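The structure under discussion appears below in the form of structure tokens.
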Amino acid sequence: MEKTFNAEDAEARIYKDWEESGAFRAGANAAPGAETFSIMIPPPNVTGSLHMGHAFNNTLQDILIRWHRMRGHDTLWQPGQDHAGIATQMVVERELARHQQPSRREMGREAFTAKVWEWKAQSGGTIIEQLKRLGASCDWSRNAFTMSGAPGAPAGEEGNFHDAVIKVFVKMYEDGLIYRGKRLVNWDPHFETAISDLEVENIEVDGHMWHFKYPLADGVTYEYVERDEDGNELFRETRDYISIATTRPETMLGDGAVAVHPSDERYAPIVGKLCEIPVGPKEHRRLIPIITDEYPDPTFGSGAVKITGAHDFNDYQVAKRGGIPMYRLMDTKGAMRDDGAPYAEAAGVAISVAKGEAMLTEAEADAVNLVPDDLRGLDRFEARTRVIDQITSEGLAVMTEATDPRLGKAAVKAPVEPSEGGEMRTEDENLVPLVEAKKIMQPFGDRSKVVIEPMLTDQWFVDTAKIVGPALEAVRNGTTDILPEQHKKVYFNWLENIEPWCISRQLWWGHQIPVWYGFDLTGAGFTDDEGDGALDEVELRRLLSDQSLLKGDERHHAAASFAEVAERFGDVLADLPTPVHHARVVEVADRATAIDTISESLAAYTVDQDPTKLVYPVWRDPDVLDTWFSSGLWPIGTLGWPEETEELKKYFPTSVLITGFDIIFFWVARMMMMQYATVGERPFDTVYVHALVRDEKGKKMSKSLGNVLDPLELIDEFGADAVRFTLTSMAAMGRDLKLSTQRIQGYRNFGTKLWNAARFAEMNGVFGHARWQPGQPIEATANKWIVGEIAKTRAAVDEALTAFRFNDAANALYAFTWGTFCDWYLEFSKPLFDADAAEETRAVMGWALDQVLIMLHPFMPFITEELWGASATREKHLIHGDWPTYGADLIDTEADAEMAWVIDLIEKVRSVRGEMNVPAGAKVPLLKLALDETGEAAWARNEAMILRQARIESLTSTDAAPKGSATIAVHGGTFALPLEGLIDIAAEKARLEKSLGKLAKEMGGLKGRLSNPKFLESAPDDVVEETKELLSGKEEEETRLKTALARLAEVS
RNA sequence: GGGUGAUUAGCUCAGUGGUAGAGCGCUUCGUUCACAUCGAAGAUGUCGGGAGUUCGAAUCUCUCAUCACCCA
């Protein structure tokens, strides 16, 4: 054997062997009738590459899978990737730009998605290859993709995922669990799509808070009074305005109200009054009501908050509660709207709404563009500047002294007094607009990096409130367990306060929503004047013009295809007069085409009165579904659902899900809800939530900080086994990992240690030797003992893995392999190989090494597989090795006690040698002053080992220790090391006294407990017994040391 | 502001009521035929502070302090 394991060389070769032999296949190594064990990989983003979190997550999965596979269970680790709508679309668009190809919009949807598939074929496998480097034993033959089977998918991308997604959407639509609605969503103005909360990063930035005066309407004034906590008046003035603070002045244009807290007495006199938004043409200033709501914080700013329901999440809630209209101000690119009627007209509508003279439907409100004509089309940040300027120039900004510290850096130092040479100023000249410099949390798109705009748009939503019940109940009653415990709280917290889930995205890459729209032509009041079933021109015009045809008011149906959906529009057509209700449903590209088509169709009819040519155009929703919607079906979709496959029957519900805490809500909760909603079953038995991998200083790894550790580089440097073992040994539940390369290096050394232990075995003829079998008799105590130690380790590892305590399992194996197997057993074996016990020791060591390799395999698969192959001719790869089941039956308690005695003696001799500075190479004689029968037997059986390990030359019986010797007290006996000339008496005395002091302290505690009657009364018997034994042992040692000390005094 | 968690050796952290451990680092010694990616020995703790429950608390309860993360 080489001196060290060559990871770089071996890993690729070994992985290839496994893969080519089908070792990862579902059911591989399963015993007949075995129980099943299945894990669904959390599908990585198809554009992604392996990062530390993946490495951690997949290491844990691989450990469980390999462990179960070796136990003969019918195992499936299902791999796959998700199609990552926005990320993938972005990557491909960038590629197109880089190669000077036509843009997405230039080439059109179909051509673009074809490009995406092309890209996926070329680059989509990156992360799979990376997972293989880690040693992941997924069944790659089953690799799944959340876009498989979608229209346009090329050969090789067949699959059922698209069918599953569409089927679930249609079913949920028909069950009333999915609806279309206008709600506030996170809008990304760069990608022009709604995005999820998860894709929004809230970052603290330097911002400003502007303070403006909203004049009260109709010349109303009030006494504004400020009081301190005790109600003493601090300040009073008559005001004709209400003061508002805002970080986003441009949204003032869409204000629907000003809100104050109901308890806020300062504004009580003007609640219910109207005030004026101080921006826009003077003659069309909008008036909005002052209302009360619990949301405003009276202690923050002026205590009054402007309410812009269409552009702020808090305001949205207030507006909903108060029935305040919400006016959208921006277009999809985040520019001020430039559509609809001129400002004067729009403002008029809004004013009559504010006065309670008119009501708007959502669609009608959305059609109202309240952006003043001069601001239309401007970017939102440019509009902000203009709004500020306009208000300030009108004198409606709240003013303050230029020295006001709230102005931050903009504040000037206190003006120089005229007497000191400063220019004389009037007070008015000193005042500047109050613009507070303030840290504000601003939402950014995690991919686009632009400021996210909360926007009121038409989207599809899952009515999560209706499907959350079973998902909550399953965790409450333990049907699905979430570990660690604390994450159940997170789960409950999310689900108990669940919001509707926006599932539509304005992208091209994804599952196109299977919904078709048609105009709602059933407008009230239409009559066929003649009742003759034939429409004349007048009637037709009226039919069309009576319809508002507003966006958002369409009728819609869902189905898997146009053919299926066409017949469902019968409900629209049925209500229409003859002959229109016989119109043929046709599919057109979009809404605009539909308007043209229907007009043309009706126009043609008025000419030839041929009812067979009448058509009713419908168009498909261009949007796609949120990637999480498809990921939500991962557990069943990967197993072939909606088809009733064998795999589905066998492996679903799955056993364990291992995932990060950050997607408990986004993914775990949604899988729970969707699996219950579609197949009425839990998706998994246990969810193991792991923590975050941080850098060694505890910082989150991020590209911008430059503290990212690349798992692949680490694997290159230290080998996959070391990286895996490091992550595993640090995987204490619920704690983040602080990863340092030093630590990885330590575990690389562990691998080397194991390698050299095997090398030692090889050199001593173990490799070719027949293995000991449990049940066969053993002579040598050390051999009996190591068998028992293996059995204890087996139990510890199984117990730890059963409880998902990965770090306990790893650390138990580390401690055993290094601390017991290498440090003691291999050393003990050396003299055994020179004696009669050699054959037995070869057999036992071979067995023990096999056990170590087997148990370490899930954690360090490569080096163990390599050693497995090297150390004997094997029928199977270690990946399919037989995980042991032996237990306490292999433990020989007498051998245990004897070895403990031997080790204790050796350690004590070594300790004395070390403390007394006996040269490490020197062999010294040992004197036996007293030894009981058990001790004599133990010595006799293990003499060679003791002499070698303690570097003792000989053992001689004597009655009294000679001058200058060090005393060693063990259970049942006293020994002495004659160190004449090497030590002085004072040093030995000091050593003994130190030991006695330590003993006395320990005994004090033990005695204290035992002399307490309440302890004897209430503590369990075994604890009392244990304490007594401990004390008597200490007492014996104390006696021996005291005797030695007394003798020392005599001699000196 | 709301929620969750943390505070144990110089560092990173285990410790699930029975009197404190590991790895790394540090000091000294050592190349004895598996391994210097190693071995032997050693030092280091008011378990964040305080109070309570208990025969007994690092562990359970309360409280204070500090820090971290998530949500607003």
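Computed over heavy atoms, backbone and side chain alike; hydrogens, waters and symmetry mates excluded. In what follows, every chain begins at residue 1, and chains take the letters A, B, ... in the order their sequences are listed. This structure is a prediction, so every number in the text was calculated from the model and none was measured.
For the P atoms, the distance linking C24(B) with G2(B) amounts to 44 Å, nearest Å. Straight-line distance between the P atoms of A22(B) and G42(B): roughly 12 Å, to the nearest whole Å. Separation of the P atoms belonging to G48(B) and C11(B) is 14 Å when rounded to the nearest angstrom. Annotation: U32(B) and U37(B) have their P atoms spaced 15 Å apart (nearest Å). With both ends at atom C1', the span from G17(B) to U61(B) equals 13 Å, rounded to whole Å. The separation of G45(B) from G21(B), taken at their C1' atoms, amounts to 11 Å, rounded to a whole angstrom. A distance of about 11 Å separates the C1' atoms of U7(B) and A58(B), rounded to the whole Å. Across the P atoms, C26(B) and C67(B) are found 31 Å apart, a figure rounded to whole Å.
Of the candidates G39(B), C24(B), A72(B), the closest approach to any side-chain atom of Asn202(A) belongs to A72(B). The side chain of Pro1020(A) has G18(B) as its nearest neighbour among U19(B), G18(B), C71(B). Looking at the side chain of Thr752(A), the nearest of the listed nucleotides G25(B), U37(B), A14(B) is U37(B). With distances taken from any side-chain atom of Val1023(A) to the nucleotides C55(B), G23(B), G18(B), the minimum falls on G18(B). Here the nucleotide nearest the side chain of Ala1019(A), chosen from A41(B), C55(B), C24(B), is C55(B). Considering only the side chain of Asp808(A), A14(B) comes nearest among A14(B), G23(B), A40(B).
Taking the six-membered ring for Trp, Phe718(A) and Tyr747(A) have ring centres at least 6.0 Å apart. You'll find the ring centres of Phe806(A) and Tyr688(A) inside the 6.0 Å limit.
In this structure, Arg759(A) reaches the sugar-phosphate backbone alone: every heavy-atom distance under 4.0 Å involves primed, P, OP1 or OP2 atoms, never a base. Using a 4.0 Å heavy-atom criterion, one finds that Pro1013(A) contacts no nucleic acid atom at all. Residue Lys830(A) is classed as a base contact, given a heavy-atom separation below 4.0 Å to a base. The residue Asn314(A) sits close only to the backbone: its heavy atoms come under 4.0 Å of sugar-phosphate atoms, none of a base. Note on Lys753(A): a base of the nucleic acid sits closer than 4.0 angstrom, heavy atoms only. Within 4.0 Å (heavy atoms only), Arg948(A) reaches no atom of the nucleic acid at all. When heavy atoms are screened at a 4.0 angstrom cut-off, Ser911(A) is found touching the sugar-phosphate backbone but no base atom. Using a 4.0 Å heavy-atom cutoff across all strands shown, Glu827(A) reaches at least one base atom of the nucleic acid. Using a 4.0 Å heavy-atom criterion, one finds that Arg910(A) contacts the sugar-phosphate atoms exclusively. Nucleic acid contact for Asn764(A): none, since no nucleic acid atom lies under 4.0 Å from a heavy atom of the residue.
Phosphate proximity of U4(B) to Lys488(A): absent, as no side-chain N or O sits under 4.0 Å from OP1 or OP2. Under 4.0 angstrom from either OP1 or OP2 of U37(B) there lies no side-chain N or O belonging to Lys3(A). Note on Asn749(A): a side-chain N or O is less than 4.0 Å away from OP1 or OP2 of C38(B).
For the pair Met763(A) and Gly914(A), both in contact range of RNA chain B, the more 5′-proximal nearest nucleotide belongs to Met763(A). Nearer the 5' end of RNA chain B, as judged by each residue's closest nucleotide, is the contact made by Arg951(A), out of Arg951(A) and Met441(A).
Between Tyr295(A) and Asp315(A), the side chains place no donor N or O within less than 3.5 Å of an acceptor N or O (distance only, hydrogens not considered). With 3.5 Å as the limit, one finds no donor-acceptor pair spanning the side chains of Ser1032(A) and Lys1034(A). Looking at Asn186(A) and Ser196(A), their side chains never bring a donor and an acceptor atom within 3.5 Å of each other.
The CG atom of Asn493(A) sits 8 Å away from the C1' atom of C71(B) (whole-angstrom rounding). For the pair Trp818(A) CH2 and C24(B) P, the interatomic distance rounds to 7 Å; values are reported in whole Å. For the pair Asp315(A) CG and A72(B) C1', the interatomic distance rounds to 13 Å; values are reported in whole Å. Atom CD1 in Ile968(A) sits roughly 13 Å away from atom P in A41(B) (whole-Å rounding). The nearest whole Å value for the distance from the CE atom in Met730(A) to the P atom in U12(B) is 11 Å. The distance from atom CD of Gln949(A) to atom P of A34(B) is 12 Å, rounded to the nearest whole Å. Atom CZ in Phe1015(A) sits about 7 Å away from atom C1' in C55(B), given to the nearest Å. Rounded to an integer number of Å, the gap from CD of Glu1025(A) to C1' of G18(B) is 14 Å.
Both distances falling under 3.5 Å, in either a Watson-Crick or a G-U wobble arrangement, place G1(B) opposite C71(B). Shown here, A57(B) forms no base pair; nothing in the strands shown gives a Watson-Crick or G-U wobble contact with both key distances under 3.5 Å. Under the Watson-Crick and G-U wobble criteria, each requiring two contacts below 3.5 Å, nucleotide G39(B) is paired to C29(B). Across all strands shown, U46(B) remains unpaired; no Watson-Crick or G-U wobble contact has both distances below 3.5 Å.
The local environment of CD in Glu201(A) is crowded, with over 12 non-hydrogen atoms from other residues, nucleotides or ligands closer than 6.0 Å.
Going from atom OH of Tyr814(A) over to atom OG1 of Thr793(A) covers 15.0 Å, rounded to the nearest 0.5 Å. Separating the CD atom in Glu943(A) from the OG atom in Ser954(A) is a distance of 9.5 Å, to the nearest 0.5 Å.
Across all their heavy atoms, Val689(A) and Gly660(A) have their closest contact at CG1-C, 4.0 Å.
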